2 protein chains.
Amino acid sequence: MSNTVTNFTQRTINYEKLLGDFKVLLKKNNLKFTIQREVILETLYNSDEHLTPELLHHLLQDKFPELKIGIATVYRTLSLLEDSAMVTSLSFGAQGKKYELGAKDHHDHLICTICGNITEFVDEEIEERQHKIADELGFTMQDHSMQIYGICKNCKQ
Amino acid sequence: MSNTVTNFTQRTINYEKLLGDFKVLLKKNNLKFTIQREVILETLYNSDEHLTPELLHHLLQDKFPELKIGIATVYRTLSLLEDSAMVTSLSFGAQGKKYELGAKDHHDHLICTICGNITEFVDEEIEERQHKIADELGFTMQDHSMQIYGICKNCKQ
DNA sequence: CTTCTTTTGAGAATTATTATCGCTATTATA
DNA sequence: TATAATAGCGATAATAATTCTCAAAAGAAG
């Protein structure tokens with residue numbers, strides 16, 4: 001494959017950095033740094049899946065049973081993180097909203113309409129183009145999300 | 001503006017064609033062509049907004065009060081249309097899922113995170129690139145959606 | 001027109017999300 | 001490190017969104 005358009009990148013932000021950013025964000029807004037908020041961030045960081053609030057809640061109950069984290073706290077924290085653009089959500093088809101950490105690294109999604117599997121990719125050309133378009137329309141770009149829907153290799157058989 | 005990246009296009013499929021496609025789709029799946037399904041398609045076609053199920057339901061009640069279309073029928077029909085890729089949905093931030101007719105014309109979205117306004121655009125370079133990426137990953141592309149989030153001109157003040 | 005099957009609307013049921021509230025944890029300050 | 005002030009927590013109630021159920025109505029095919 002000589003002319004690769006895709007560029008699978010690794011997580012570029014380490015957890016310490018991320019946590020630091022989170023703390024700064026909280027302080028700036030007079031919000032408190034709590035153990036619940038920390039483990040939610042950590043769990044999102046360590047998950048490679050796109051998580052629904054319920055799924056995340058289950059994960060948290062498994063990993064930190066002693067904290068008895070409530071579903072309301074999960075929703076509250078996800079909203080907080082989304083408002084601050086630290087996580088982004090995507091929704092498609094019948095399935096509900098799914099969240100992922102935005103800071104891990106920019107990537108877009110290839111979604112199989114049969115098996116629901118998600119492949120992530122990054123394409124610099126598209127990234128650049130998006131910035132140009134936003135600029136031209138007098139828009140200050142904060143984030144983006146892109147999904148390509150289709151049938152994956154496996155499901156074609 | 002000499003080097004326009006965006007290209008605002010008009011609706012390219014007329015309603016008769018769309019309705020014909022819908023009828024074929026229904027027949028193929030042993031589904032019946034009902035007046036409810038027709039007016040939902042028509043209302044989506046005639047709307048330039050991105051509609052939530054509730055909003056669409058209100059529109060239908062206003063325009064076709066004699067049909068007393070139920071909210072369940074709206075949901076059922078939207079799912080049907082989405083499964084058949086005739087409409088696509090998008091969701092962002094706190095606001096719920098919104099639906100639009102996919103066949104009107106391909107376009108992507110610029111979404112203002114403050115006022116929620118949506119600007120549509122088309123960029124050929126991105127479209128091409130998407131196809132290339134899908135091909136390269138052994139994926140048969142069916143559709144795509146792209147959103148750029150940011151702050152619009154008006155909200156910057 | 002008749003028969004067969006699917007769809008519909010109404011509303012019940014379920015699921016998802018948000019709000020409330022008394023208690024606890026965190027932070028800033030002394 | 002003790003204290004006071006305040007924000008966040010979990011539990012659960014309330015609300016909103018979506019899906020299900022079912023009897024009646026409507027479409028398709030002959």
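Just so you know, these numbers use all the heavy atoms, side chains as well, and skip hydrogens, waters and symmetry mates. Computed from a predicted structure; not experimentally measured.
Residue B/Val24 belongs to no hydrophobic cluster, having no ILVMFWY side-chain heavy atom closer than 4.5 Å to its own.
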With a 3.5 Å cut-off and sequence neighbours excluded, list the donor-acceptor pairs that the side chains of residues 25-36 of chain A form with protein atoms.
residue : atom : partner : partner atom : Å
A/Thr34 : OG1  : A/Arg37 : N            : 3.2

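For DNA chain D, the residues of residues 26-35 of chain B within the heavy-atom distance limit of 4.0 Å (strictly under) are B/Lys32, B/Phe33, sorted by number. Listed by residue number, B/Ala72 are the residues of residues 55-72 of chain B with a heavy-atom contact under 4.0 Å to DNA chain D.
Scanning both residues, A/Pro53 and A/Ile71, for their nearest heavy atoms gives O-CD1, 4.1 Å.
End-to-end axis angle for the helix from C/dC1-D/dG30 to C/dA30-D/dT1, using five pairs per end and rounding to 10°, comes out at 60°.
One interatomic measurement links the two molecules: CG of B/Asp83 to C1' of D/dT19, which rounds to 14 Å at whole-angstrom precision. One can place CG of A/Leu81 at 13 Å from P of D/dG8, the figure rounded to the nearest angstrom. What separates NZ of A/Lys23 from P of D/dA7 is a distance of 20 Å, to the nearest Å. Straight-line distance from the CG atom of B/Leu25 to the P atom of C/dT6: 16 Å, rounded to whole Å. Taking atom CD1 on B/Ile40 and atom P on C/dT8, their separation rounds to 7 Å, with Å as the unit. B/Arg37 has its CZ atom 11 Å from the P atom of C/dG9, to the nearest Å. Taking atom OH of residue B/Tyr75 and atom P of nucleotide C/dA16, one finds them 13 Å apart after rounding to whole Å.
B/Phe64 places a side-chain heavy atom less than 4.5 Å from the side chain of B/Glu42. At a threshold of 4.5 Å between non-hydrogen side-chain atoms, the residues B/Asp135 and B/Met141 do not count as touching. Side-chain atoms of B/His109 and B/Tyr149, non-hydrogen and from C-beta on, never get closer than 4.5 Å to each other.
Take A/Glu125 and apply the salt bridge (Lys or Arg N to Asp or Glu O under 4.0 Å) test, not counting sequence neighbours, and it matches B/Arg129. A search for salt bridge (Lys or Arg N to Asp or Glu O under 4.0 Å) contacts involving A/Glu38 returns nothing, not counting sequence neighbours. Taking the side-chain hydrogen bond (donor to acceptor under 3.5 Å, both in side chains) definition, one finds that A/Thr140 meets it with B/Lys156, sequence neighbours left out. Scored by the side-chain contact (heavy atoms from CB on, under 4.5 Å) test, B/Leu59 finds B/Thr43, B/Leu51 as partners (sequence neighbours excluded).
A donor and an acceptor atom sit less than 3.5 Å apart, one in the side chain of B/Arg76 and one in the base of C/dG9.
Annotation: of the two residues near DNA chain D, B/Pro53 and B/Gln36, the 5′-most nearest-nucleotide partner is B/Pro53.
Among pairs with a residue in residues 55-74 of chain A, those fulfilling side chain to side chain donor-acceptor pair (under 3.5 Å) read A/His57-A/Gln61, A/Thr73-A/Arg76, at least two apart in sequence or across chains.
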